[in-house]
Amino acid sequence: MPTAVVRRASGSPPLATSQVRRLGDRVLAVLELEQAELSVLLTDDATIHTLNHRHRGKDRPTDVLAFPLATRKMAGLPRLLGDVVISLDTAARQARGRRRELFAEVRFLLVHGVLHLLGYDHGTRNEKREMDAMARRILRDVTHGTAKATRRPRRAARAGHAKMKANPSLSKEK
């Protein structure tokens with residue numbers, strides 16, 4: 001089971017975990033990471049606010065957080081990518097502002113979070129340009145059913161971001 005999805009967002013907008021699981025599996029396939037494992041938490045603003053404050057020192061909710069795991073694939077075992085946490089409350093507000101469906105916003109946030117798990121960041125203009133281009137390719141391939149990404153991420157070996165306060169393996173938000 002490459003993608004595991006848990007929903008802990010009782011008052012948040014509805015979104016089926018099965019739909020997000022299939023999306024996660026497609027993202028992994030496009031990245032040629034079918035044997036990797038990905039965990040996704042669909043949550044609310046209160047929970048992601050707590051996580052954002054605890055791990056990043058940001059006292060506000062955010063749309064997506066990524067917690068990479070530094071484990072590499074060992075013989076016969078899957079690679080554990082890490083956890084992507086998405087606030088359905090924030091995603092719904094952003095979707096309304098962009099005049100698109102909630103699932104389209106979650107699709108973008110999931111791809112963004114997975115890229116953080118793979119070591120991508122957007123701290124500089126060049127990093128942002130590279131990450132945005134990779135996200136567009138993945139989104140196009142996932143949306144149009146392409147089997148593999150047109151280009152694998154070059155930063156897949158890089159894990160984590162040293163800038164995090166309490167948890168150095170926590171990647172930055174969008």
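Keep in mind that the numbers below use all heavy atoms, side chains included, and drop hydrogens, waters and symmetry copies.
- Between His112 and His122, the angle of the ring planes lies from 30° to 60°, which puts this pair in the tilted group.
- A side-chain N or O of Asp59 and one of His49 form a donor-acceptor pair less than 3.5 Å apart.
- Using a 4.0 Å cut-off between charged side-chain N and carboxylate O, Arg60 and Asp45 make no salt bridge.
- Minimum heavy-atom separation, Leu102 to Leu88: CD1-O, 4.2 Å.
- Between Leu109 and Val84 there is no side-chain heavy-atom pair separated by less than 4.5 Å.
- Evaluated for a side chain to side chain contact (heavy atoms under 4.5 Å, CB included) with Asp25, the options Leu38, Val30, Val20, Thr3 yield exactly one hit, Thr3.
- Using a 4.5 Å heavy-atom threshold, the side chains of Asn52 and Lys58 count as touching.
- Here CZ of Arg98 is found 12.5 Å from CZ of Arg96. Values are rounded to the nearest 0.5 Å.
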Show me the donor-acceptor pairs, under 3.5 Å and distance only, between side chains in residues 8-17 and residues at least two apart or in other chains.
from: Ser12; atom 1: OG; to: Asp89; atom 2: OD1; distance (Å): 2.7

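- Rounded to the nearest 0.5 angstrom, Arg136 CZ and Thr143 OG1 are separated by 13.5 Å.
- Here the side chains of Gln94 and Phe108 are not in contact, with every heavy-atom distance at 4.5 Å or above.
- Counting only distance, with no hydrogens or angles, the side chain of Glu130 and the backbone of Glu127 share no donor-acceptor pair below 3.5 Å.
- By the 4.5 Å heavy-atom criterion applied to side chains, Leu115 and Ile138 are counted as neighbours.
- In this structure, the side chain of His116 engages the main chain of Tyr120 through a donor-acceptor pair within 3.5 Å.
- The side-chain heavy atoms of Lys128 and Met131, taken from C-beta on, include no pair separated by under 4.5 Å.
- Two residues are said to be in side-chain contact when any heavy atoms from C-beta on lie closer than 4.5 Å; Thr47 and Asp44 meet this criterion.
- Enclosure of atom CD in Glu101 is not indicated, since only 12 or fewer non-hydrogen atoms of other residues, nucleotides or ligands lie within 6.0 angstrom.
- Here the CZ atom belonging to Arg7 is positioned 10.5 Å from the CG atom belonging to Leu41, to the nearest 0.5 angstrom.
- Arg79 and Glu37 are not joined by a salt bridge, as no carboxylate oxygen comes within less than 4.0 angstrom of a charged side-chain nitrogen.
- The structure places NE2 of His53 at 12.0 Å from CG of Leu51, a figure rounded to the nearest 0.5 Å.
- Interatomic distance, CG of Leu28 versus CG of Leu81, reported as 6.0 Å (0.5 Å rounding).
- For the residue pair Thr90/Asp63, the side-chain donor-acceptor check at 3.5 Å is not satisfied.
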List the steps and the verdict of side chain to side chain contact (heavy atoms under 4.5 Å, CB included) for Thr43 and Val85. CA-CA 7 Å; Thr43 193; Val85 181; 3.7 Å; yes

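- Summarising the geometry of Arg107 relative to Val142, their closest heavy-atom pair is CD-CG1, 4.3 Å, with the distance given to 0.1 Å.
- To the nearest 0.5 angstrom, Leu65 atom CG is 10.0 Å from Ile86 atom CD1.
- In this structure, the side chains of Leu42 and Val6 stay at 4.5 Å or more apart for every pair of heavy atoms.
- Contact annotation: the side chain of Leu23 approaches that of Phe103 to within less than 4.5 Å [non-hydrogen atoms, C-beta and beyond].
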